[in-house]
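What you see is a predicted model; the values in this text were computed from it and never measured. Every chain is numbered from 1 and lettered A, B, ... according to where its sequence line falls, protein lines coming before strand lines.
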Protein chains: 2
Amino acid sequence: MAKLAGVSMATVSRALSSPAVVREKTLERVQSAIAALGYVPDASARTLASGRSRTVGAVVPTLDNAIFSNAIQGLQTTLAEHGYQLLLATHNYNLKSEIAVVRALSERAVDALVLVGSEHAHETFSILEKSGIHALLTWSLSNDYPCIGFDNFEIGAMAARHLLELGHRRFGMISGITRHNDRARQRVEGFVNTLKAHGLAPQPGAICEQPYGFAGGRAGLQRLMSVGAERPTAIFCGNDVLALGCLFEAASLGIRVPDDLSVIGCDDLPIAAEIAPGLTTISLHTRQLGELAAHALLDWSQDGTIPGRTELPVSLARRGTTGPAPQ
Amino acid sequence: MAKLAGVSMATVSRALSSPAVVREKTLERVQSAIAALGYVPDASARTLASGRSRTVGAVVPTLDNAIFSNAIQGLQTTLAEHGYQLLLATHNYNLKSEIAVVRALSERAVDALVLVGSEHAHETFSILEKSGIHALLTWSLSNDYPCIGFDNFEIGAMAARHLLELGHRRFGMISGITRHNDRARQRVEGFVNTLKAHGLAPQPGAICEQPYGFAGGRAGLQRLMSVGAERPTAIFCGNDVLALGCLFEAASLGIRVPDDLSVIGCDDLPIAAEIAPGLTTISLHTRQLGELAAHALLDWSQDGTIPGRTELPVSLARRGTTGPAPQ
DNA sequence: GTGAAAGCGCTAACAG
DNA sequence: CTGTTAGCGCTTTCAC
């Protein structure tokens, strides 16, 4: 024991967790003993005895999507700065996996958990309640739980307004898979409802769901262009990767953007600014979301401050791939 | 206690960790009691008592680079399938941060740790030794530690050979920052040494280090094109993001690829296949690296099988942005 | 300010 | 196959 340095284990413990409460001289002796012995405290013992693990869990759909890995990067970095570690898990948009993963993390005695979206299995919520783990929802807004996210309905509405202002009248949308994904669903709703409000409800078949990836964006454009005479002159893509795929396919098909077709995405990935013409897209600041989430969780588990509902701003970025309606 | 279901806590423990060793009837009773009570085992207590946490740590430079987030995705998914959790940390290419983070994870009693690259601070290695934590190096190959990675020297050599075969004689390279990054450094060495072996040592100034990002690739091309008359006809970029930035800048500058300039990257990101012409690049299979690492760690901490040195294949993908030397 | 003692909830021999 | 008995290494009252 490091208390071969003349003090009791209780004092060592205090020297480590609340240095302010031990006399300066004692503190020094403890610290040099620690250095000499190469002593490393055991987190599992600390957790067991104190009930706090200084670890937070995060469950995201996948890290293959840059928006999530960026947010996790921000979350982890901020947590680490405050002595917290990150237990990370993914569920690949599978509700069962999410339940399993949340259960696994809850056993790990995480001090708090961040989830993506507001739609989760009943069981997920009940595990959280029973274990009393603080949960923070991200990306979406919720009235029932602490959350920090975007108004996804507004994102869709914003895209619609932009396109309407440019004079378009025939619209298409390439959405991500909406099943078990409230973000994707709300973007569709925001887009469609806004068009409807202008008496321009999109035709059946004009809303096309595609799996995440460039291939999805390509397939989406093919579908939307094959509906006959009433081809859309403007397409809203639920995220930038679909938008990029759509753009690549347009190039393959010889469709000029934005002359023949306007395309707008969402996320504002770094590459959106690099391609020519720059992709019109909606900025989200996902990195910041991760950092804010970290601070909210830190405050929650340290001071007991329950986070409220934080809405992050969204805004239109660039206007390269959208332009006036043809003719 | 769940042993209100008629058995001792020891039996509950066995029912959970080695179900094969308890009688079927007893097992059932325990399980229904568990379900009824909503009992959730406490991982910190299990860890403290057993000395195993069923948690592995991973330390990567950053998640903002898709190659790392892909590998982590593979690692985490595979670990979860076997009941293991992932503690994730990043260091942003900062040696001090890495030490801090490795220390933090070692306190968390991780059963094993995965690191990126073979170059680390002495202190990092000594923490690992003292704590006896199993460490697996990834991305690079090592003769001293268990590892699973790529031959980064060969990657540079492969790029050089490809360009030499196309008849190029004046070369440039846009490398990632080589300080504290053995992968980047070895790629440079492989490239340069191979050229030297053919009597075609690149001029001073032809090897240009740039920070990761599209901007780095753009700046790199500007630098290489401003060296005067002896402009390179072929450029090897240390990774695809730099290569893409280089390509974007070439487009801005009116340099035709591959007619005026050949560009080759490394990583084979999904977008490499989508842009036109497809980016010539070297495939790495980082997802697989993550999965293999998971299996290696699982075997190591469960059966004690010490992983050896695994070299993952690399190969040339596509030939869109490279072509014969001009003239 | 500091020490002594009582666990935190589980696993791991050891009997039986 | 199952119960009993010790701790795992720390935090935390409670006295001093």
S.K.: With a 4.0 Å cut-off, would you call E291(A) and R287(A) a salt bridge?
M.R.: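 Answer for the salt bridge query: yes.
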S.K.: Nearest to the side chain of R23(B), which nucleotide is it out of dT12(D), dC10(C), dT2(D)?
M.R.: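 Within the option list, the nearest is dT2(D).
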S.K.: Angle between ring planes, W300(B) versus H134(B), binned at 30° and 60°: parallel, tilted or perpendicular?
M.R.: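 Taking H134(B) first and then W300(B), their aromatic rings lie parallel (interplane angle under 30°).
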S.K.: Tell me: CD1 of I34(A) to P of dC10(D), nearest whole Å?
M.R.: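 For the pair I34(A) CD1 and dC10(D) P, the rounded distance is 10 Å.
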S.K.: Are any of the side-chain heavy atoms of V116(A) and V59(A) separated by less than 4.5 Å?
M.R.: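 Contact flag for V116(A)/V59(A) side chains = no.
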S.K.: Specify the separation, in whole Å, of atom CG of D42(B) and atom P of dG9(C).
M.R.: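 Taking CG of D42(B) and P of dG9(C), I get 7 Å after rounding.
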S.K.: Evaluate side-chain hydrogen bond (donor to acceptor under 3.5 Å, both in side chains) for N65(A) paired with Y212(A), printing each intermediate quantity in order.
M.R.: CA-CA 9 Å; N65(A) 187 328; Y212(A) 180 82; 3.3 Å; yes
S.K.: To the nearest Å, give me how far apart CZ (R14(B)) and P (dC10(C)) are.
M.R.: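 In whole Å, dC10(C) P lies 15 Å from R14(B) CZ.
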S.K.: Among dT2(C), dC10(D), dT2(D), which nucleotide sits nearest the side chain of T11(A)?
M.R.: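 Of the options given, the side chain of T11(A) lies nearest dT2(C).
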S.K.: With a 4.5 Å heavy-atom cut-off, do R108(B) and T55(B) have their side chains touching?
M.R.: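 Heavy-atom side-chain distance check fails, nothing below 4.5 Å.
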S.K.: When the distance from CG of L37(B) to C1' of dG9(C) is rounded to whole Å, what number comes out?
M.R.: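 In whole Å, dG9(C) C1' and L37(B) CG are 15 Å from each other.
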S.K.: Does H120(B) have its ring centroid less than 6.0 Å away from the ring centroid of H180(B)?
M.R.: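 Aromatic pair excluded; centres sit 6.0 Å or further apart.
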S.K.: Starting at the 5' end of DNA chain D, which residue's closest nucleotide do you reach first, S17(A) or L27(B)?
M.R.: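 Nearest nucleotide further toward 5': that of L27(B).
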S.K.: How close or far is atom P of dT4(D) from atom CE of M9(B), stated in whole angstroms?
M.R.: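 Roughly 11 Å, once rounded to whole Å.
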S.K.: Which ones in residues 43-55 of chain A lie close to DNA chain C, meaning a heavy atom under 4.0 Å from one of its atoms?
M.R.: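 Correct list: L48(A), A49(A).
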S.K.: Among dG3(C), dC10(C), dA13(C), which nucleotide has an atom closest to any side-chain atom of A10(A)?
M.R.: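 Nearest to the side chain of A10(A) among the choices is dG3(C).
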